Structure formats: structure tokens, C-alpha cells
Amino acid sequence: MFDEKSKIKFENNNLIVPDTPYIVFIEGDGTGPDIWRASQLVFDSAVKKVYENKRKIQWVEALAGEKAFKETGKWLPEKTLELIRELRVGIKGPLTTPVGKGIRSINVALRQELDLYACIRPVRYFDGVPSPIKHPEKVDFVIFRENTEDLYAGIEWQAETPEAKKVSEFLFKEFGKKLPDTVGIGIKPISKFATERLTRMALKYAIKNKKNVVTFVHKGNIMKFTEGAFKNWGVECAKNEFREYIVLEEENLSKEGKILVNDRIADAMFQQIILRPDEYKVIVTPNLNGDYLSDAAAALVGGLGMAPGANIGDGYAVFEATHGTAPKYANLDKVNPSSVILSGVMMFEYLGWNEVANIIIRAIEKTIKNKTVTYDLARQMEGAKELKCSEFGQAIVDNME
């Protein structure tokens, strides 16, 4: 079905990208189709602008979410997973996840099934975007969130089920830990293996991109043997494998030319990113804390509509919108497509097509400075012209230079 010459390969830990690669896309639920149309226009226009006819993306649609359920009866068909495994790189819009019932998160399932163990969320400010803080231009860091473990592993039992009662009885009998009669139980696994591979990816990123601070964020003062272990394993990995590049915060050594490796308690870190954001460059965190922290950080630079994300493993990657489906705006051509567009920027950087990434970033910057933006930004910007989702995509294309 697919031409082998156009398939992305992964050999010796290196991605090999042809000139006409296949890329999987999942348009998403709710506002997803609107966002995807605007984003694809930007992506294809940027590739054509930079490479003329020498390079081109071949888009391959895969189904997930509501569209998949309507057509196949499954929220995440096996064929979708097979497509991503075969073609290696994908990009997706927001997908529906019921709260407190029904299917588990499709996003979590994708990460676990494909072992996309690092959720990478760059947080940076675009001049002119409304922000709740005085100096949003100081916000410029990247969050590396562990993606497969912690409470997101999905090991839990509903209250008053035989399974929950059995676990509760085991904890009391074997360890003397008495739980209430009506209690839901979840397990929080954090392993040395997963911590070390995330640490390696974060430190390699810091070295490659000349980021001079790597910070482990954790709640190890309370959860000593899970999140505390995450910090300890991460720091030990940094010391053992990257010693020539790093210096630890507690060491009385010169930091010149070195990456400072430090750690912060999770709750304190929420203050730090507001009060002293410029002191942080690469943040490494377990799954749940990373979820909270990355969304809170996005609020500092304009909200989730301006927040890209990537889920990356060894030779596989899925880039994604970080916001929800916003079903009340579905098919209204209204919402901000920047999250998917900026995730596409990350995708092009991952492919090594940096010229495409750069031209998109410059065009977005110009479009926002011109105050030609979607409603979420226009309502907070004096003198702004409100554009539809599709019009905003076209404005970005028109501003490509």
C-alpha cells in the first residue's frame, strides 16, 4: 500500500526522512476538523514555500475518537496503531475522553500502546498575546513529562467492587494499612527504567539546544519512594552518564559552560514559574505533576490554544493539540488552531525540516503582532481584528516570508 521509498525509517537511533514522507493525521473530535483544515493549509504552504516541489508531505488519515467509533465501533482501532507503527510519525487534534466512566483516555492509550514515553511541551511567549503576568517574555522553557507510568498507568479499582475489597484486605492483612470501607484504590508506579530514559532524552535535548538548566520537579518530600525516587534516579543518571556536561546545584563548582542540574518540590514550582520563570529552561517531571504544570505554564503565555505538545518514544512520535475538543464550537470555524500548528512546528523540527518550522514561527509572530487573531485572543487585545479559524490559517500563510 505504501511506497517504501517514502516511509520514514529509524536506524541506529537516527530518523531517516525521505523527501515525500507519509505522515499520519487524526483530525480530532469537536473543533478538530476546523482546526485541522487550517493547520494543514499552513503546513503544506510552508513546505511549498521553502522547498518548492522538492519536498512534500503525504498525509494519511487514521481514525480515533468519535469518528472512529461511528465508523468502526471502536474508539481507537488497531488499524490506527498499526498505521503509526508503520509510518512512525503522526499529528492529531483533540479527542474525546469521558470523565468518570466509559473508555479510558485515547491519548493515554496511544502513549502506552506505542511507548511514547516522553510528553514534551515547549512553553514560550509570542509578543502581543495577552498574559496574566507582567513579564511573559521571561517564560521560555520546555517540560519533559514522563508519559507511561504514575497514576496514568490505569491501575485502579472502583469503590465497593470485589477487586477493591480484595486489594484493601490485602493491604490490611499484609501491611496493617486500614482503608475506609468505601474507597477507590489506585496504584502509582514509578520505575528507575522509565525515569532514566526520560532523563536521557531531556539532557540530550538540553545539550543539543544549549539549555543551561535542567530541573527535576517532584513531590518527593511526601511520596518518598515514588516521586522521591524519580528525583534520585534522575539525578544519578545525570551524574553517571552526563558528568562532563553538568554541575549539581549543591556542588561548589563553576557553572560556566555547564548545565545546572537541580530539583524543586512540585507545589513550590507553581510559584516559581510565575515569579521566576527565566530561571528554568528544561523541566523533568513525573506524569501527573507534568500534566498540571504544563497546563498552568500555558496559561502564562496565552492559554492552551497557544500550547503545542509532542509524545515521543524511540523512533515513534505523535504531535498533538493540548486543549480539549470544545464541542460547543464544533463546525463554527471559530477556534484558535495555534496549538496544532505549533505542534506541527515541533514535528518539522523532529523531521529535521527546520526551515519549515522557522518560517511558520515567523509568520505566526507577524500575524499576532498585526492583531489579526481568533476570538480567544481578540477579546483580550485592544484594537484586534477577529478572524475565523480558517482566516487565521490563511493570514499565517499570507505572512510567510
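What you see is a predicted model, and the numbers here were worked out from it, not measured in a lab.
Taking the side chain as every heavy atom from C-beta outward, R200 and F242 approach each other to under 4.5 Å. You'll find the side chain of E137 stays beyond 4.5 Å of the side chain of D127, heavy atoms only. Side-chain contact between T374 and P337: present, with at least one pair of heavy atoms (C-beta onward) separated by less than 4.5 Å. For the pair F270/L293, a side-chain contact is recorded, criterion being any heavy-atom separation below 4.5 Å from C-beta on. Between E320 and R111, the closest side-chain pair of non-hydrogen atoms falls below 4.5 Å. Using a 4.5 Å cut-off on side-chain heavy atoms (C-beta onward), I120 and V142 make contact. Within the 4.5 Å cutoff, side-chain heavy atoms of L81 are placed close to those of L76. I190 has its side chain out of reach of M223: every pair of non-hydrogen atoms, C-beta onward, lies at least 4.5 Å apart.
Residue pairs meeting the ring-ring contact (aromatic ring centres under 6.0 Å, His included) criterion with at least one member in residues 126-150, sequence neighbours excluded, are F144-Y205.
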Would you please test V301 and V129 for side chain to side chain contact (heavy atoms under 4.5 Å, CB included) and show each step? CA-CA 7 Å; V301 295; V129 174; over 6 Å; no

Test Y22 against D3 for side chain to side chain donor-acceptor pair (under 3.5 Å), laying out the working first. CA-CA 9 Å; Y22 296 110; D3 185 349; 5.3 Å; no

Let's go through F216 and T195 carefully: what are the C-alpha distance in whole Å and the side-chain angles of both, what is the deciding distance for side chain to side chain contact (heavy atoms under 4.5 Å, CB included) to 0.1 Å, and is it a yes or a no? CA-CA 11 Å; F216 290 91; T195 301; 5.5 Å; no

Before you tell me yes or no, could you show the steps for Q272 and I283 under side chain to side chain contact (heavy atoms under 4.5 Å, CB included), namely the whole-Å CA-CA distance, both residues' side-chain angles and the distance that decides it to 0.1 Å? CA-CA 12 Å; Q272 292 288 301; I283 295 170; over 6 Å; no

CA sep, side-chain torsions, deciding dist, call: K92, L110, side chain to side chain contact (heavy atoms under 4.5 Å, CB included): CA-CA 11 Å; K92 56 178 279 299; L110 278 167; 3.9 Å; yes

Give the intermediate values and the outcome of salt bridge (charged side-chain N to carboxylate O under 4.0 Å, His left out) for residues K219 and D267. CA-CA 8 Å; K219 192 63 179 170; D267 45 344; 3.1 Å; yes

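Counting non-hydrogen atoms of neighbouring residues, nucleotides and ligands closer than 6.0 angstrom, the CZ atom of R243 exceeds 12 such neighbours. F10 CZ: more than 12 foreign heavy atoms inside a 6.0 Å radius. Heavy-atom neighbours of D181 CG from other residues, nucleotides or ligands within 6.0 Å: at or below the threshold of 12. Atom NZ of K371 sits in a crowded spot, with more than 12 heavy atoms from other residues, nucleotides or ligands closer than 6.0 Å. Remark: Q158 CD is loosely packed, at most 12 non-hydrogen atoms of other residues, nucleotides or ligands lying under 6.0 Å away. Counting non-hydrogen atoms of other residues, nucleotides and ligands closer than 6.0 Å to NZ of K211 gives a total above 12.
When all heavy atoms of M201 and G313 are compared, the closest pair comes out as CE-O, 4.3 Å. Nearest approach of A62 to V24, heavy atoms of both residues: CB-CG1, 3.5 Å. Minimum heavy-atom separation, A238 to L203: CB-CD1, 3.6 Å. The heavy-atom pair separating A330 from G30 by the smallest distance is CB-O, 3.4 Å. Minimum heavy-atom separation, A64 to I106: CB-CG2, 4.3 Å. The two residues P77 and L63 have their closest heavy-atom pair at CD-O, 3.3 Å.
Atom OG1 of residue T367 and atom CG of residue D398 lie 8.0 Å apart, to the nearest 0.5 angstrom. One distance of note links CE of M306 with CG of N336; it measures 6.0 Å at 0.5 Å rounding. Going from atom OH of Y117 over to atom CG of L198 covers 8.0 Å, rounded to the nearest 0.5 Å. Taking OG of S191 as the start and CD of E196 as the end, the distance is 9.0 Å to the nearest 0.5 Å.
At distances below 3.5 Å, at least one donor-acceptor pair connects side-chain atoms of K9 with backbone N or O atoms of E4. The closest donor-acceptor contact from the side chain of T31 to the backbone of T325 lies under 3.5 Å.
Both cation-pi conditions hold for R145 and Y152: the charged atom is under 6.0 angstrom from the six-membered ring centre and inside a 45 degree cone around its axis.
Ring geometry, Y329 versus Y375: the interplanar angle falls from 30° to 60°, so the pair is classed tilted.
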Donor-acceptor contacts under 3.5 Å from residues 253-261 side chains, at least two apart:
unit_1 : atom_1 : unit_2 : atom_2 : d
S254   : OG     : E256   : N      : 3.3
K258   : NZ     : E244   : O      : 2.6

Anything under 3.5 Å between a donor and an acceptor, one on a side chain of residues 347-365, the other on a protein residue two or more places apart or in another chain? List them.
unit_1 : atom_1 : unit_2 : atom_2 : d
E355   : OE1    : Y51    : OH     : 2.7
N358   : ND2    : N354   : O      : 3.2
E365   : OE2    : R124   : NH2    : 3.1

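The pair E66-K70 fails the salt-bridge criterion, with no side-chain N (NZ, NE, NH1 or NH2) lying under 4.0 Å from an Asp/Glu carboxylate O. In this structure, K79 does not pair ionically with E86, as no charged nitrogen and carboxylate oxygen lie closer than 4.0 Å. Salt bridge status for K239 with E236: present, with a side-chain N to carboxylate O gap under 4.0 Å. Comment: E249 engages R264 in a salt bridge, judged by a side-chain N to carboxylate O separation of less than 4.0 angstrom. Ion pairing between K334 and D34 fails under the 4.0 Å rule for side-chain N and carboxylate O.
K188 pairs with exactly one of E156, E227, E146, E149 by the salt bridge (Lys or Arg N to Asp or Glu O under 4.0 Å) rule, that one being E227.
With hydrogens and angles left out, the side-chain atoms of N209 and K281 include no donor and acceptor closer than 3.5 Å.
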